[in-house]
Amino acid sequence: MSSYDPQTIEQKWQSAWNEGETFLAVPDANKPKYYVLEMFPYPSGRIHIGHVRNYTMGDVIARYKRSTGHNVLHPMGWDAFGMPAENAAMQEGGHPKDWTYNNIAQMRDQMKPLGLSIDWTREFATCDPEYYGQQQALFLDMLGADLVYRKNAVVNWDPVDMTVLANEQVIDGKGWRSGADVERRELTQWFFKISDMAGELLDALDGLDNWPAKVKTMQANWIGQSRGLQFSFELTESTHGFDGVEVYTTRPDTLMGASFVGVSADHPMIKAMEAEDPNLASFCAEVRKGATNAEAIEKAEKLGFDTGLKVKHPLNPDWELPVWVANFILMDYGTGAIFACPAHDQRDLDFCRKYDLPVTDTFFALDNDTPVANEAFVPAKTEKVKWVNHFAGLDVATGQDAIDATIGFAETAGWGTGKTQYRLRDWGLSRQRYWGCPIPVVHCDSCGIVPEKKENLPVRLPDDVSFDIPGNPLDRHPTWRNCECPACGKPALRETDTMDTFVDSSWYYARFTSPNSTTPTDTNEAGYWMNVDQYIGGIEHAILHLLYSRFFARAMQITGHLPASANEPFDALFTQGMVTHEIYMTKDDKGRPVYHLPEDVTDGKLADGTEVTVIPSAKMSKSKKNVVDPVKIIADYGADTARWFMLSDSPPERDVEWTAAGAEATYKHLNRVWTLSEKIAAMGDDSGQGDEDLLRTMHKAIFDVTQGIESFGFNAALAKLYGFTNALAKSKASASAQREAIRVLAQLMSPMTPHLAEEIWAAHSGDGLLADAPWPVADEKMLVEDTVTMPIQINGKRRSELTVPKDLDKAEVEKLALADDAVLRALENGPVKKLIVVPGRIVNVVI
RNA sequence: GCGGUCGUGGCGGAAUUGGUAGACGCGCAGCGUUGAGGUCGCUGUGGGGUAACACCCGUGGGGGUUCGAGUCCCCCCGACCGCACCA
């Protein structure tokens with residue numbers, strides 16, 4: 001008997017799959033296709049255990065689908081542009097390109113031993129000129145289709161990374177990568193017209209039945225649809241060419257409670273007025289500088305400036321309202337102007353109390369007429385309230401009904417229009433960085449902005465750049481900018497901005513369908529493989545990456561690079577949980593925490609006997625040293641152990657805790673399976689007992705494991721495999737039955753532990769590669785037991801049980817139940833009031 | 001503040017969706033093998049109670065619906081996540 005040696009068998013079978021081109025994906029009209037994709041990694045240089053979990057889940061699906069007759073596409077690539085490469089160049093010297101490609105080579109070497117069923121021939125990195133050149137072609141097509149434009153915009157400027165960030169990349173007022181406080185700057189920037197699709201992106205969420213509700217909710221909130229009324233307040237005297245102030249409100253029903261009209265400091269009318277009013281100008285400057293970080297916004301005092309302008313109330317020309325500039329009004333939402341209704345909006349109320357402006361209630365709760373004091377009355381829109389003097393004649397109605405009535409009223413009267421508004425802004429894609437996809441346009445003195453010709457693509461990044469000073473190396477490159485105008489041929493200058501790296505990951509899934517195509521996609525290949533049937537990745541991409549990808553799929557459809565059926569790129573989405581680990585801490589002589597790697601801690605002690613404090617499991621991080629290295633795990637136990645353990649214990653959508661004991665237990669289990677296989681292989685043609693039982697257990701396992709995989713219940717599937725293994729180990733069945741069982745066990749384990757499974761399959765004369773074998777099918781007849789054991793409850797509590805033939809009729813079951821000892825005992829306390837028999841399930845005797 | 005998810009043994013977690021709560025794994029205990037330990041094998045393991053049964057309690061807390069509730073409804077407590085001056 002040999003012992004389980006993962007190092008040897010894993011390499012052996014990886015070579016076999018490789019030589020057999022087992023996982024090469026080739027379109028085949030005779031097979032249903034299945035496209036499995038895990039979010040591709042950033043090439044940091046080392047894989048972490050989270051990658052192992054993510055890619056193992058995808059691999060389980062991919063291998064399972066292959067064995068059920070699907071033509072599977074399961075590719076891998078690298079999200080390779082971005083800041084860390086430049087940071088490394090700045091800190092350690094070297095070139096971002098070398099750094100990136102070296103990291104990719106290292107990570108590929110670390111990933112391949114996992115034995116993933118990936119078609120490596122499709123591999124690419126987004127920093128390959130072949131990829132970003134096609135991205136530039138796509139950009140030009142989008143420019144032609146009016147999906148990209150340039151505008152002057154107040155942008156989020158990250159002073160550390162020295163670049164612009166999209167709104168989505170600003171988290172609590174800080175840069176998502178650098179963590180620096182973001183400033184506001186005005187620059188000319190390129191934008192994708194994602195906001196034009198806001199309604200469509202929102203509505204289409206409804207059709208994504210196999211996406212987590214949480215992700216859909218997050219996207220819906222981000223898109224932020226609201227329905228309201230837009231109308232104009234007429235100025236008593238026009239100023240700087242403005243006759244009125246256009247406002248947008250979602251609560252037009254509160255118009256009778258209007259207190260003042262508020263406008264943003266960035267409103268064009270205010271900007272015009274600033275020129276001749278230094279006080280106003282300094283106020284606006286103060287507001288613009290204003291807080292961008294969350295705490296400051298939270299605490300921010302309401303600030304206002306009375307412009308002295310007056311407007312007429314649309315329902316009563318004699319009623320004049322003052323116009324104030326207020327710091328809480330945003331120019332890029334709605335019209336940048338509002339009317340304030342302090343009684344029913346806390347912000348407006350705070351403002352009015354501070355500047356002593358009137359507060360008028362427009363409705364009351366049905367049971368409470370107390371006027372608003374310092375807390376605005378803001379009931380749910382679905383709640384009925386009592387209206388004071390409503391202009392559209394309402395008395396008691398819900399807020400929503402009142403809003404609808406008011407919009408109707410205003411439209412009929414002709415002074416306002418119902419309007420749907422979105423929170424989603426256009427996606428600013430310009431980045432003042434080197435290591436990104438160059439924006440393929442040229443600035444010509446005569447022709448203006450001119451797209452580069454497609455035959456000149458890719459616009460390549462120059463290699464001879466330096467990172468000794470901050471800012472964009474493309475900007476200061478001596479010659480790279482110089483080019484000919486594609487329109488007039490005169491000397492011109494290239495755009496030096498590169499694209500946000502989220503652009504790279506917004507269409508890579510489509511490129512995988514034809515990675516070598518000389519157009520962004522080959523429409524035949526894309527037509528065959530798209531959509532992604534199962535996408536797997538982290539919840540952290542719920543908004544940014546997934547929303548951008550949905551936008552790009554539509555843009556690629558409009559520009560002819562994807563079929564209309566690929567509108568939504570990801571049919572099903574699964575968001576997996578993190579891998580966590582305990583944190584081990586001691587303190588130094590100054591009382592500061594010192595963290596220790598898991599491998600340095602045994603039984604809560606360091607090697608020198610010092611006790612460590614154990615902090616509950618948290619996301620692995622280098623600074624807390626609670627990390628395990630997949631390379632070491634694979635070296636110690638093999639890939640199959642790492643894969644199996646990452647799927648056991650916790651449901652895949654939840655966090656899983658890495659424990660040394662758990663990994664050890666997995667390894668032991670795989671050893672037991674190995675030993676069991678050896679034992680069975682050594683059996684003669686013995687006869688035995690309990691073949692039927694073993695085969696029934698086997699078919700039940702086939703059924704349960706299949707269901708577990710289909711429903712992403714990997715942990716439950718593994719539990720069933722433990723059960724089946726234990727049953728087989730104890731079985732006294734004949735050699736032939738045991739051989740059949742061990743072969744099926746190998747098959748059922750193969751998505752999770754493919755190497756061990758192949759080895760067992762081969763040892764028991766399985767036909768060809770297990771990776772090519774069809775998935776076993778449970779025999780329905782073997783799933784149905786002849787007899788069932790039903791619990792007997794007395795007054796709802798289980799007291800006894802009854803084993804009867806499955807089809808025994810109800811009256812017989814009742815008779816047997818009433819003869820049960822426990823029931824007889826209970827009957828001493830009184831007669832049967834009710835007798836419930838659910839055939840095959842349960843008996844309940846009510847006394 | 002608004003929205004969502006979730007609370008089950010010492011621990012990770014199951015529960016065919018209203019039908020035997022605690023599958024499976026870890027840990028722990030006992031026995032066997034080895035005989036120093038570890039490995040390996042077997043058995044037990046929610047709490048109380050009993051010689052053993054019986055029996056009582058038990059899915060964050062309280063109430064309700066039901067023959068029957070971890071599962072459905074209402075209230076409360078706690079944890080985590082997302083959003084948050086968006087008019």
Side-chain angles (χ1 to χ4, degrees), chain A residues 172 212-215 217-222 224-226 228-230 247-252 254 262 264 290-291 294 297-298 300 302 326-330 332-341 344-348 350-351 378 380 421-425 539-540 542-543 617 645 648-651 653-657 659-666 668-669 671-672 675 703-704 707 713 715-726 729-730 789-802 821-822 825 832-838 840-847:
Chain A
D172 290 343
K214 184 186 168 78
V215 173
T217 306
M218 284 166 73
Q219 292 215 354
N221 289 340
W222 190 264
Q225 188 181 61
S226 68
L229 183 72
Q230 187 166 323
V247 299
Y248 172 75
T249 177
T250 55
R251 290 310 298 259
T254 64
S264 163
I297 287 170
E298 193 86 26
K302 298 283 174 286
N327 66 337
F328 63 91
I329 299 167
L330 309 171
D332 52 4
Y333 187 81
T335 59
I338 61 150
F339 77 81
C341 179
H344 308 296
D345 183 298
Q346 194 59 45
R347 294 160 304 178
D348 297 347
D350 294 345
F351 191 93
V378 193
Q421 199 60 249
Y422 298 94
R423 208 182 72 112
L424 182 69
R425 316 285 158 74
I539 186 79
E540 66 272 21
I543 299 172
S617 223
F645 183 46
S648 64
D649 285 12
S650 292
E653 67 277 13
R654 256 192 259 176
D655 292 353
V656 64
E657 183 180 40
T659 61
E664 190 72 34
T666 298
K668 286 180 188 173
H669 175 70
N671 266 289
R672 272 194 293 272
T675 312
F703 182 82
D704 289 340
Q707 241 201 353
N715 56 327
L718 264 52
K720 301 294 182 188
L721 284 169
Y722 274 110
F724 178 34
T725 308
N726 293 343
K730 282 178 192 158
T789 301
M790 292 195 292
I792 298 177
Q793 294 182 335
I794 293 165
N795 292 336
K797 296 193 180 199
R798 183 187 172 281
R799 281 293 121 101
S800 183
E801 59 182 35
L802 187 62
D821 285 349
R825 221 178 302 127
V832 177
K833 280 196 199 137
K834 200 167 179 182
L835 188 55
I836 289 140
V837 176
V838 183
R841 268 283 158 76
I842 202 161
V843 180
N844 192 7
V845 186
V846 184
I847 290 177

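The sequence lines fix the lettering, A, B, ..., with proteins before strands; numbering per chain opens at 1. Fair warning: this is a prediction, and the values are worked out from it, not measured in the lab.
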Against the side chain of A:Pro651, the closest entry in B:G19, B:G13, B:C42 is B:G13
Describe the nucleic acid contact of A:Asn671 in one word from base, sugar-phosphate, nothing, applying a heavy-atom distance below 4.0 Å.
nothing
Name the nucleic acid region contacted by A:Ile329, choosing base, sugar-phosphate or nothing; use a 4.0 angstrom heavy-atom cut-off, strictly under.
base
Side-chain N,O (A:Asn715) to OP1/OP2 (B:A14) below 4.0 Å
yes
Rounded to whole Å, CZ of A:Arg841 lies from P of B:U20 at a distance of 8 Å
Side chain to side chain, A:Phe328 and A:Asp348, heavy atoms closer than 4.5 Å:
yes
Looking at B:C55, B:A21, B:C81, which one has an atom nearest to any side-chain atom of A:Gln793?
B:A21
Would you indicate what A:Tyr722 reaches in the nucleic acid, counting non-hydrogen atoms under 4.0 angstrom: base, sugar-phosphate, or nothing?
sugar-phosphate
Could you check whether any side-chain heavy atom of A:Leu229 comes within less than 4.5 Å of a side-chain heavy atom of A:Val247, counting everything from C-beta outward?
no
Counting any heavy atom closer than 4.0 Å, what does A:Lys720 reach on the DNA or RNA strands: base, sugar-phosphate only, or nothing?
nothing
B:U17, syn or anti by chi within 90 degrees of zero:
syn
Nearest-Å distance, CZ (A:Arg798) to P (B:G58)?
18 Å
With syn defined as a glycosidic torsion within 90 degrees of 0 and anti otherwise, which applies to B:G63?
anti
Say we look at B:G38 and B:A52: how far apart would their P atoms be, to the nearest angstrom?
30 Å
Work out how far the P atom of B:G48 is from that of B:U43, and round it to whole angstrom.
24 Å
Would you kindly give the NZ-to-C1' distance between A:Lys730 and B:G41, to the nearest whole Å?
11 Å
Taking only the C1' atom of each, what is the distance from B:A54 to B:G64 in whole angstrom?
32 Å
Side-chain donor or acceptor of A:Asn327 paired with backbone N/O of A:Lys302 under 3.5 Å
no
Looking across every strand, which nucleic acid part, if any, lies under 4.0 Å from A:Ala716 by heavy atom: base, sugar-phosphate, or nothing?
nothing
Please determine, for the side chain of A:Arg799, which listed nucleotide (B:G19, B:C56, B:U20) has the closest atom?
B:C56
Looking at side-chain heavy atoms only, is the closest gap between A:Ile842 and A:Gln793 below 4.5 Å?
yes
Nucleotide B:A87, atom P - distance to NZ of A:Lys302 in whole Å:
14 Å
Hey, what's the ring geometry for A:Tyr248 with A:Tyr333, parallel, tilted or perpendicular (30° and 60° as the breaks)?
perpendicular
When you measure from the side-chain N and O atoms of A:Lys834 to the phosphate of B:G68, is any distance below 4.0 Å, counting only OP1 and OP2?
no
B:U5, OP1 or OP2 - any side-chain N/O from A:Arg654 closer than 4.0 Å?
no
Quick one: label A:Thr666 by what it contacts on the DNA or RNA (base, sugar-phosphate, nothing), any heavy atom closer than 4.0 Å.
nothing
Given B:U20, B:A87, B:C83, identify the nucleotide with an atom nearest to the side chain of A:Ile543.
B:C83
The reported gap from CG in A:Asp345 to CG in A:Asp350 (rounded to nearest 0.5 angstrom) is 9.0 Å
Across the strands shown, which category fits A:Glu657 at heavy-atom distances under 4.0 angstrom: base, sugar-phosphate, nothing?
nothing
Roughly, in whole Å, what's the span from CD in A:Gln707 to C1' in B:U17?
12 Å
Within the 4.5 Å heavy-atom criterion, are A:Lys214 and A:Ile539 side-chain neighbours or not?
yes
So what does A:Asn726 touch, heavy atoms closer than 4.0 Å: a base, only the sugar-phosphate, or nothing?
sugar-phosphate
Determine the Euclidean distance between corresponding P atoms of B:G9 and B:G58; express it in Å to zero decimal places.
14 Å
Sort out the partner of B:G3 for me: Watson-Crick or G-U wobble, both distances under 3.5 Å, none otherwise.
B:C81
Mind checking A:Val846 for me? I need base, sugar-phosphate or nothing, with any heavy atom below 4.0 Å counting as a touch.
sugar-phosphate
Using the C1' atom on both, measure B:U16 against B:G12 and round to a whole Å.
22 Å
Among B:A14, B:U39, B:G12, which is the nearest nucleotide to the side chain of A:Lys668?
B:U39
In Watson-Crick or G-U wobble terms, both distances under 3.5 Å, what is the partner of B:A21?
none
From CZ of A:Arg423 across to C1' of B:C85 the rounded distance in Å is 12 Å
Heavy atoms under 4.0 Å, any strand shown: does A:Lys833 hit a base, just sugar-phosphate, or nothing?
nothing
Could you tell me how far B:A84 sits from B:C77 if I compare only their P atoms? Round to whole Å.
26 Å
In whole angstrom, give the distance that lies between atom CD1 of A:Ile792 and atom C1' of B:C67.
15 Å
If you look at every strand shown and take non-hydrogen atoms under 4.0 Å, does A:Ser648 touch a base, only sugar-phosphate, or nothing?
nothing
A:Tyr333 side-chain proximity, nearest of B:A87, B:G25, B:G41:
B:A87
Taking B:G13, B:G25, B:G3 as options, the one with an atom nearest any side-chain atom of A:Ser650 is B:G13
Determine whether a donor-acceptor pair (one donor, one acceptor, N or O, separation below 3.5 Å) exists between the side chain of A:Asn844 and the base of B:C67.
yes
Atom-to-atom span, CG of A:Asp655 to P of B:G12 - whole angstrom:
13 Å
Partner lookup for B:G46, please. Criteria are Watson-Crick or G-U wobble with both distances under 3.5 angstrom; report none if nothing qualifies.
B:C57
On a whole-Å scale, what distance lies between the C1' atoms belonging to B:C57 and B:U50?
16 Å
A:Asp649 side chain reached by A:Asn715 side chain, heavy atoms, under 4.5 Å:
no
Interatomic distance at C1', B:A51 relative to B:C42, whole Å:
25 Å
Looking only at the side chain of A:Ile836 (C-beta and beyond, no hydrogens), which of the listed nucleotides B:C26, B:G41, B:G19 gets closest?
B:G19
Strictly by Watson-Crick or wobble contacts shorter than 3.5 Å, is anything paired with B:A14, and which nucleotide is it?
none
Hunt down the Watson-Crick or G-U wobble partner of B:C72, both distances under 3.5 Å, from any strand shown, or write none.
B:G64
